[in-house]
Amino acid sequence: MGNMITGNYNYMNTYSNGYAGSYMSITQSNATSQSGKAVVNPGESTKVSPGRKSSPAECETCKNRKYQDGSDEMVSFKSAAHISPEASAARVMAHEQEHVSNAYTKAAKNGGKVLSANVTLKTAICPECGRSYVAGGTTATRIQYSNENNPYVQNRKSADAASLVGRMMDMAV
């Protein structure tokens, strides 16, 4: 077999409540909901679910949720950025596919072969409003590099060849 390298890339959201970054995609509205609180997520439901502090329209946690990549690869989200709960699945999956693409590129450059590339998305429920969202993702890749000069690889190949000699011979003729 050859050398196998496994890469795991974690991409999780980070919370920074109260931070109003200039790159946020949701702008604050001066509108108020039925409960009298400011609407921070326009277009969302103003209904407060039982056992929750606020409605999705008033949820500060969803407004301030940030995502950041923690790997050492050149991919998106190297600095924290906001993603709306509705867009989180598509954006996180696209980000994880960048890691898969990088694995195939790395394998091609170094004479390797990608044995597997698995992407897992993690979901969560907002503790404030109860809305579900994709909280992050993990990409696990396995790349095999062949090393023909390794004596163990050469020994395995010769043992395989010896076991296959005469295997398909038909003596019935």
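These figures come from a predicted structure and were not determined experimentally.
In this structure a side-chain-to-backbone donor-acceptor pair under 3.5 Å is present from Thr105 to Ser101. Between the side chain of Asn64 and the main chain of Glu60, a donor-acceptor pair closer than 3.5 Å is present. Checking side-chain atoms of Lys78 against main-chain N and O of Gly70 turns up no donor-acceptor pair under 3.5 Å.
With His99 as the partner, the side-chain hydrogen bond (donor to acceptor under 3.5 Å, both in side chains) test is satisfied by one option alone out of Thr139, Thr141, Asp69: Asp69.
In this structure, Thr61 OG1 and Glu128 CD are separated by 4.0 Å, a value rounded to the nearest 0.5 Å. Atoms NE2 and SG, on His82 and Cys62 in that order, are 8.0 Å from each other to the nearest 0.5 Å. Distance NZ/Lys63 to SG/Cys126: 13.5 Å, rounded to 0.5 Å.
With a 4.5 Å cut-off on side-chain heavy atoms, Gln68 and Phe77 do not count as touching. No side-chain heavy atom of Arg91 sits less than 4.5 Å from a side-chain heavy atom of Tyr67.
Between Ser76 and Glu98, the closest heavy-atom pair is OG-OE2, 2.7 Å. The minimum heavy-atom distance between Ala107 and Ile143, with the atom names listed, is CB-CG2, 3.8 Å. The two atoms that bring Thr138 and Glu96 nearest to each other are C-OE1, 3.6 Å, heavy atoms only.
By the rule that hydrophobic residues join a cluster once side-chain heavy atoms approach within less than 4.5 Å of another member, Ile83 and Val75 end up as members of separate clusters. Hydrophobic clustering (side-chain heavy atoms under 4.5 Å, transitive across Ile, Leu, Val, Met, Phe, Trp, Tyr) groups Tyr104 together with Met93. Tyr145 and Val114 end up in the same hydrophobic cluster when Ile, Leu, Val, Met, Phe, Trp and Tyr side chains are linked at under 4.5 Å.
With sequence neighbours excluded, no residue satisfies side-chain hydrogen bond (donor to acceptor under 3.5 Å, both in side chains) with Lys113.
Relative to the ring axis of Tyr133, Arg65 places its NZ or CZ within 45° and under 6.0 Å from the centre.
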Derivation and outcome, side chain to side chain contact (heavy atoms under 4.5 Å, CB included), residues Ser132 and Thr123: CA-CA 7 Å; Ser132 65; Thr123 60; 5.9 Å; no

What's the verdict on salt bridge (charged side-chain N to carboxylate O under 4.0 Å, His left out) for Glu86 and Arg131, showing C-alpha distance, side-chain angles and the deciding distance? CA-CA 10 Å; Glu86 297 82 17; Arg131 184 171 19 182; 3.0 Å; yes

